[in-house]
Amino acid sequence: MNYIVLDLEWNQCPYGKELENKALPFEIIEIGAMKLNSKKECVGEFTRLIRPAVYKEFHRYTRSMLCITMKELSKGQSFIQVMKEFLEWCGEDYIFCTWGATDLIELQRNMKFYGLEPLAQGPFKFYDIQKVFSIIFEEDAKARRSLEYAVDYLHILKTAAFHRAGEDAMYTMRIMQQMSYSDMERYYSIDTFRRPKDKKSEVYAVFESYSKYISREFSSKETAMADREVASTRCYLCGKNARKKIRWFSGNGKMYYCQAYCENHGFLKGKIRMKKAEEGSFYVIKTLKLVSEEDASIIKKKQEEVRKKRREKRKHQTP
């Protein structure tokens, strides 16, 4: 298997969100990638400029970040041609590695806009080097550092400027070369630009300290939360149903929480992120994590805060 270290640069509507193309809020203007083999040796490079077709002027943020002109971009290839060459260059057996999850989302959004075949028919595994860096070097899975911060942290020699796709892919590769493939595999990520099509293709993943479930799409939040699998609190270590001590609740309709107890392994903290699909439906990303009794009590406090806010809201609404 090869490892494709990918980085993108993109532009957005220079006249504000109200005038942007809703199907393509970010138009890719450069692709950079490095190919590594199983020994973490660089065996190929890919860099292309893409000729803009939607936004032919720079957004002020893009102009300030990139050392590139529209004249240079106008000499680039079309997105369709670049993607054809890029995917041929990637080969048959590979996995994407990126600094953060956004590049893969925007790559697939651009591919969909141009009517290209999707990268996959549903969710697929990739390595988020930004996340893995935080976990193995700083022991903080929630921290999201800049690429330059990580380069400085690991004392990697700066041989080129940042914020160009080829150079950023190169720096990401150098960071990755200081990691083991086993660490990357332990903390892999799942891209959800394309959701599971049906119940059979839903995703169940178990990591060292938590489990993740990615559902198919539902017509509404209520339908999703009424689904048996969505609402379940099965212990990811023994597979037995953990008894809910606090049922699923939400304060904003986006994040749901619960507390459960497994007789074999103790307290479980449940979290559901309710995600809206582009077509207006909803899907669920649920995580269950074994926690101490003290940490589990945080869910109770959250529930009390939600109830308090609702009481206050009702009080103000009463004539």
Side-chain angles (χ1 to χ4, degrees), residues 1-8 10 26 28 31-36 38 40 90 93-112 118-147 149-150 154 165 168-169 171-197 201-217 236 254-255 269-278 283-289:
M1 176 186 289
N2 287 319
Y3 300 81
I4 305 299
V5 185
L6 173 70
D7 192 85
L8 306 173
W10 55 70
F26 301 102
I28 296 172
I31 291 181
M34 313 294 287
K35 184 187 292 184
L36 274 68
S38 59
K40 290 191 287 188
C90 287
D93 188 18
Y94 65 90
I95 186 167
F96 282 118
C97 309
T98 59
W99 191 260
T102 310
D103 280 357
L104 280 177
I105 294 172
E106 297 308 327
L107 180 66
Q108 293 174 92
R109 199 192 309 277
N110 277 248
M111 291 175 70
K112 182 178 179 181
L119 293 175
Q121 295 303 315
F124 61 87
K125 184 170 80 172
F126 73 101
Y127 297 131
D128 181 346
I129 306 304
Q130 184 186 46
K131 181 182 79 172
V132 179
F133 168 82
S134 296
I135 294 172
I136 68 174
F137 290 112
E138 298 192 305
E139 299 181 352
D140 183 359
K142 295 182 179 180
R144 292 296 179 267
R145 304 294 190 179
S146 71
L147 182 61
Y149 172 94
L154 296 174
D168 285 0
Y171 283 125
T172 303
M173 175 192 71
R174 290 182 179 174
I175 293 167
M176 184 174 151
Q177 286 173 326
Q178 297 199 31
M179 302 173 175
S180 68
Y181 282 145
S182 60
D183 278 336
M184 290 163 53
E185 181 61 27
R186 284 164 63 200
Y187 304 114
Y188 71 86
S189 297
I190 302 171
D191 177 87
T192 58
F193 184 81
R194 289 188 176 271
R195 276 69 62 186
K197 290 184 175 180
S201 58
E202 290 180 329
V203 176
Y204 301 84
V206 177
F207 299 89
E208 286 188 349
S209 60
Y210 69 99
S211 66
K212 178 176 282 189
Y213 160 74
I214 303 171
S215 78
R216 63 195 186 280
E217 293 182 19
Y236 55 91
K254 295 180 181 179
M255 302 290 288
K269 181 174 72 173
K271 182 170 72 173
I272 282 176
R273 283 180 287 163
M274 188 68 65
K275 309 283 282 186
K276 193 172 184 179
E278 293 179 349
Y283 68 101
V284 159
I285 299 179
K286 176 178 69 176
T287 57
L288 291 170
K289 183 176 184 178

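Heads up: numbering here begins at 1 and tracks the sequence.
The minimum heavy-atom distance between Y188 and A205, with the atom names listed, is OH-CB, 3.5 Å. Y236 approaches S211 most closely through the heavy-atom pair CB-CB, 3.5 Å. Nearest heavy atoms, G32 versus A165: N-CB, 3.3 Å. The two residues A143 and S134 come nearest to each other via the heavy atoms O-OG, 2.7 Å. Here the closest heavy-atom approach between residue F126 and residue A101 is recorded as CZ-CB, 4.0 Å.
Using the six-membered ring where Trp is involved, Y210 and F207 have ring planes that are parallel, under 30° apart on the 30 and 60° scheme. Using cut-offs of 30° and 60° on the angle between ring planes, the pair Y3 and Y127 is parallel.
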- Item | Working for ring pair (Phe, Tyr, Trp, His ring centres under 6.0 Å), residues Y213 and Y204 | CA-CA 5 Å; Y213 160 74; Y204 301 84; 5.2 Å; yes
- Evaluate the criterion side-chain contact (heavy atoms from CB on, under 4.5 Å) for residue pair I214 and E202; output intermediate values, then yes/no. CA-CA 6 Å; I214 303 171; E202 290 180 329; over 6 Å; no
- Message: Quick one, D183 with I135, criterion side-chain contact (heavy atoms from CB on, under 4.5 Å). Give me CA distance, side-chain angles, the key distance, then yes/no.
- Response: CA-CA 9 Å; D183 278 336; I135 294 172; over 6 Å; no
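Put simply, the side chain of K276 does not reach to within 4.5 Å of the side chain of K254, judged on heavy atoms. Between L154 and R174, every side-chain heavy-atom pair lies at or beyond the 4.5 Å cut-off. Contact annotation: the side chain of F124 approaches that of L119 to within less than 4.5 Å [non-hydrogen atoms, C-beta and beyond]. In this structure, the side chains of F193 and L104 stay at 4.5 Å or more apart for every pair of heavy atoms. Contact check for D191 versus Q108: side-chain heavy atoms found under the 4.5 Å cut-off. At least one side-chain heavy atom of I136 sits less than 4.5 Å from a side-chain heavy atom of Y187. Residues M255 and R273 meet the side-chain proximity criterion, which asks for heavy atoms closer than 4.5 Å. You'll find the side chain of K212 stays beyond 4.5 Å of the side chain of V203, heavy atoms only.
Proximity of a side-chain donor or acceptor of E138 to a complementary backbone N or O of F133 within less than 3.5 Å is not detected. Between the K40 side chain and the M179 main chain, a donor and an acceptor come within less than 3.5 Å of each other. With hydrogens and angles disregarded, no donor-acceptor distance shorter than 3.5 Å links the side chain of D7 to the backbone of D103.
Here D93 contributes atom CG and M1 contributes atom CE; the two are 4.5 Å apart, rounded to the nearest 0.5 Å. With values rounded to the nearest 0.5 angstrom, I129 atom CD1 is found 7.5 Å from T172 atom OG1. To the nearest 0.5 Å, atoms CZ (R144) and CG (D128) are separated by 6.0 Å. Put simply, CE on M184 and CE on M176 are 3.5 Å apart, with the number rounded to the nearest 0.5 Å. Remark: T102 OG1 to R109 CZ distance equals 10.0 Å, nearest 0.5 Å. For the atom pair CZ (R194) and CD (E217), the distance works out to 10.5 Å, reported to the nearest 0.5 Å.
More than 12 heavy atoms of other residues, nucleotides or ligands shown are found within 6.0 angstrom of NZ on K35. A 6.0 Å sphere centred on NZ of K197 holds no more than 12 heavy atoms belonging to other residues, nucleotides or ligands.
Side chains of K275 and T192: no donor on one and acceptor on the other come within 3.5 Å.
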